[in-house]
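Reckoned from all heavy atoms, side chains included, excluding hydrogens, waters and symmetry mates. It should be emphasised that the depicted structure is a prediction, and the values quoted were computed from it without experimental measurement. Every chain is numbered from 1, with letters handed out A, B, ... down the list of sequences.
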Number of protein chains: 2
Amino acid sequence: MRVSLKDVAEQAGVSIKTVSNVVNKYEHVTPATREKVQAAIDALGYRPNLTARHLRKGRTGIIALAVPELGNPYFAELAGAVVDTAAEHDYTVLLDHTQGRRERELLVTQGFRARVIDGLILNPLELEAEDLASRTDEAPLVLIGERRYDLPYDHIAIDNIAAARAAVRHLLDIGRRRIAFLGARGDRHSHPAHLRLLGWQAELAASGVTADEALIARVEGWDRADGATAMAALLDAGQHPDAVFAYNDLIAIGAMRVMAERGLRVPQDVAVVGFDDLTEGRYGAVTLTTVAPDKRAIARMAVESIVGRLTDGPPEEAPGGGPRQLQPEFALLERESTVGRSAGPPLD
Amino acid sequence: MRVSLKDVAEQAGVSIKTVSNVVNKYEHVTPATREKVQAAIDALGYRPNLTARHLRKGRTGIIALAVPELGNPYFAELAGAVVDTAAEHDYTVLLDHTQGRRERELLVTQGFRARVIDGLILNPLELEAEDLASRTDEAPLVLIGERRYDLPYDHIAIDNIAAARAAVRHLLDIGRRRIAFLGARGDRHSHPAHLRLLGWQAELAASGVTADEALIARVEGWDRADGATAMAALLDAGQHPDAVFAYNDLIAIGAMRVMAERGLRVPQDVAVVGFDDLTEGRYGAVTLTTVAPDKRAIARMAVESIVGRLTDGPPEEAPGGGPRQLQPEFALLERESTVGRSAGPPLD
DNA sequence: CTGAAAGCGCTAACAT
DNA sequence: ATGTTAGCGCTTTCAG
């Protein structure tokens, strides 16, 4: 029992165009006809077929968001912000998991949803510049996250090096000197420079503290279990860091769990700083000091980048000019894992 | 530079239909023409317009998932599972936030994405039976979560009462008698029965333990902050529970934070059981005993319900018969918050 | 095995 | 203010 404009038109005794006018709230319609048409719409239970509208208009109002996986709260929180922001612009979000696999990232990039998505927001992990360079799909693409490519796409990310330096600076300020970095990526794939690791190195160097290679712990992934494994490995290797700067909050949380099991006190024995400001970090037995990227700003910039490109055309033709590197704000939130219980309201 | 079947057909010197045959991997095409057409496709960079295909076929391969919000890790983890399961069935997931607001839940239900989504998975919070009874949209709908309606829609949820009873049983078994329930919903909206609360009452009654109303703490929401507030209120009211059964893990985690601040030891002073088995609960300083619903099973059942309805027609016509109540498995995972550090491997 | 033509339901010119 | 008509790009009879 699918009912179309034509059915409504017949029922109301008007043309298809008039019904369309009513449906689309076109102004110049006599109240009388409008009423008549509306009655027919209600009687038949008519609903516009959006697919047909999309085909005709060449737009769908759908943007895709591709993240490694929602099991990671950072991406979940970010995805939530994107969904909300998109809704404000009358867009809906289609969600894809890349699992951080290059082939999946490549696939979403190559327009496998051609013409059903108006644009794509991608957080790449494994994608290489050449993968992107060969992209032919014309839907606007905006990249988010730590990886940078020298390509004509908008890119949104905080200044990771500066953020990492701020975290390490804080640890130095509270008197720590043996500061471990947890979360370097194994170099199996000859991964490009790791900005947060570079920040760690840079800040230590600037302060005349030796960046001890033995204090760099590598991980296989970025989850809590990886943090636990990395921390255990570090301790088992006989290292005695007095502070840990973790690639992200999940790794920090996994590391803290291992410390708790081994009787190490946070922050007295080991101070900990994470990255991402997950809500989770605010509710542990010891709240987590962290670098807080402005997730809502990231979501807003990403969505507005897409919407803007859709409105103004591709970078080359856009009034504002070419591709942009946007840097949302970040803040270092000092909590118990570095400054102890006394500092400020506990749940902030 | 959008290129259509027609363009490819001209380039290859064949008809539109032949190109279509090649694109859709129709078998009976001469290798020669196939090759010719493929060459044209590559030369022109042709990609099928899926919107047009959808209009023609009346299917889009998109299913919508509407949850309160992704900031809640339970829904994030569930959404992740749905995305993965849907992908296995060649479906993509469109994500909606309802914020637990009745009007938003109503909206997604009423086919505001008419004909662009093939089906809808909804976790309602505030929706009433009458809202659903008036639904006219014909896309298959499947409900998930605690709320039950006596309506012809598939519903997927664990046996919440049995699960709650198992949790309370466990607390009784380890000798607790003053067991608080954290997370009853304020009755402003004359909310329907709260299955987990009912389970708490039932198990206490079955064991001859008085269900003390004063040990029921109400919440405004289901986040960590709500758990913290509820626990603080309970303690401030002079209550001294020796155990807490929380509506979900987030509330349990918020409550544990408050206990830590006030010097109450878990589980020695207060044992805690949560609900949902969030990964987060496995990594606190004290790991959290919890009721673990089989999230992947929920996701699978939900997706397969939709896919099945799409294949077999609506419940009335389906071979298997009418709407189904599906109950995935659950398990009680005993961890440190009830049985202390000694029990088993710490990170399980 | 391939071609011609109809039509999915809608919007946008162009008429009237 | 309303009607007519031509596609958007594809799949699908139906011929050949």
Side-chain angles (χ1 to χ4, degrees), chain A residues 1-38 40-41 44-62 111-118 137-139, chain B residues 1-38 40-41 44-62 111-118 137-139:
Chain A
M1 139 151 189
R2 49 185 50 166
V3 25
S4 74
L5 273 188
K6 204 174 84 181
D7 303 317
V8 178
E10 281 171 11
Q11 167 92 2
V14 297
S15 85
I16 229 177
K17 165 69 165 141
T18 304
V19 181
S20 177
N21 281 341
V22 172
V23 170
N24 293 295
K25 306 193 199 310
Y26 180 64
E27 293 194 37
H28 307 291
V29 184
T30 331
T33 44
R34 179 187 302 279
E35 207 168 311
K36 197 168 54 180
V37 170
Q38 189 58 51
I41 288 176
L44 268 46
Y46 168 76
R47 296 196 171 281
N49 180 326
L50 298 184
T51 299
R53 186 179 288 175
H54 295 163
L55 173 59
R56 182 61 233 232
K57 305 189 88 155
R59 290 280 176 82
T60 63
I62 298 174
F112 79 123
R113 292 280 167 204
R115 306 243 153 261
V116 1
I117 61 168
D118 285 347
D137 192 47
E138 42 207 271
Chain B
M1 125 121 206
R2 48 184 50 168
V3 25
S4 74
L5 275 188
K6 204 174 83 178
D7 302 319
V8 178
E10 282 172 10
Q11 169 91 5
V14 299
S15 84
I16 251 180
K17 165 69 166 140
T18 303
V19 182
S20 176
N21 281 341
V22 172
V23 170
N24 293 295
K25 306 193 199 309
Y26 181 64
E27 295 194 34
H28 306 292
V29 183
T30 335
T33 43
R34 179 185 302 281
E35 206 166 313
K36 196 169 53 179
V37 169
Q38 190 57 52
I41 287 176
L44 268 46
Y46 168 75
R47 295 197 172 281
N49 180 326
L50 297 184
T51 300
R53 184 178 290 176
H54 294 163
L55 173 60
R56 182 62 232 232
K57 305 189 87 154
R59 289 280 176 82
T60 62
I62 298 175
F112 78 124
R113 292 281 167 202
R115 306 242 156 262
V116 3
I117 62 169
D118 285 347
D137 192 47
E138 43 207 271

Point to revise | Residue pair L50(B), R53(B): steps toward the side chain to side chain contact (heavy atoms under 4.5 Å, CB included) verdict | key: CA-CA 5 Å; L50(B) 297 184; R53(B) 184 178 290 176; 3.8 Å; yes

Exercise for review: Answer yes or no: does a side-chain N or O of Y26(A) lie under 4.0 Å from OP1 or OP2 of dG3(D)?
Suggested key: no

Review point. Using a cut-off of 4.0 Å on non-hydrogen atoms, how would the nucleic acid contact of T33(A) be classed: base, sugar-phosphate, or nothing?
Key: sugar-phosphate

Practice item. Could you work out which one of dG3(C), dT2(C), dT2(D) sits closest to the side chain of V29(A)? Key: dT2(D)

Review point. Is any side-chain nitrogen or oxygen of T18(A) closer than 4.0 Å to OP1 or OP2 of dG3(D)?
Key: yes

Revision key, fill the gap. Quick note, H28(B) side chain, CB onward, closest among dA12(C), dC1(C), dT11(D) is dC1(C)

Study note, to complete from the structure: For D118(A) and A139(A) the tightest heavy-atom approach is O-CB, 3.7 Å

Point to revise | Distance below 4.0 Å between N24(A) side-chain N/O and dT11(C) OP1 or OP2 | key: yes

Practice item. Step by step, work out the side chain to side chain contact (heavy atoms under 4.5 Å, CB included) result for R113(B) and T60(B). Key: CA-CA 11 Å; R113(B) 292 281 167 202; T60(B) 62; over 6 Å; no

Study note, to complete from the structure: Between Y46(A) and V3(A) the two heavy atoms that sit nearest each other are CD1-O, 3.3 Å

Revision key, fill the gap. 5'-most contact on DNA chain C (nearest-nucleotide basis), A52(A) vs V19(B), goes to V19(B)

**Study point:** Contact summary for L55(B) and T51(A), nearest pair of heavy atoms
**Key:** N-CG2, 3.4 Å

Review point. Are any of S15(B)'s side-chain N or O atoms less than 4.0 Å away from OP1 or OP2 of dG3(C)?
Key: yes

Point to revise | Atom pair distance, as rounded to whole Å: CG in D7(B) and C1' in dC10(D) | key: 13 Å

Exercise for review: Given side chain to side chain contact (heavy atoms under 4.5 Å, CB included), test K25(A) with R34(A) step by step and report yes or no.
Suggested key: CA-CA 10 Å; K25(A) 306 193 199 310; R34(A) 179 187 302 279; 5.5 Å; no

**Study point:** Rounded distance in Å - CD1 (I16(A)) to C1' (dT5(D))
**Key:** 11 Å

Check your understanding: Per the end-axis method with five pairs at each terminus, what is the bend angle of the helix from dC1(C)-dG16(D) to dT16(C)-dA1(D), to 10°?
Key -> 40°

Study note, to complete from the structure: Taken to the nearest 0.5 Å, the spacing of K36(A) NZ from T30(A) OG1 works out to 8.5 Å

Point to revise | Whole-Å distance separating the CD1 atom of I41(A) from the P atom of dG9(C) | key: 16 Å

Check your understanding: So, is S20(A) near the phosphate of dT11(C), with a side-chain N or O under 4.0 Å from OP1 or OP2?
Key -> yes

Revision key, fill the gap. L55(B) atom CG is separated from dC8(C) atom C1', nearest whole Å, by 4 Å

Practice item. Measure the distance from NZ on K17(A) to P on dG7(D) and round it to the nearest whole Å. Key: 17 Å

Check your understanding: Whole-Å distance between dC10(D) P and K6(B) NZ?
Key -> 11 Å

Check your understanding: To the nearest Å, how far apart are L5(B) CG and dT11(D) P?
Key -> 6 Å

Revision key, fill the gap. H54(A) atom NE2 is separated from dA12(C) atom P, nearest whole Å, by 13 Å

Review point. Between T30(B) and K57(A), who's closer to the 5' end of DNA chain C by nearest nucleotide?
Key: T30(B)

Exercise for review: Please assess V23(B) against I41(B) for the test side chain to side chain contact (heavy atoms under 4.5 Å, CB included), listing each intermediate value before the final yes or no.
Suggested key: CA-CA 9 Å; V23(B) 170; I41(B) 287 176; 4.0 Å; yes

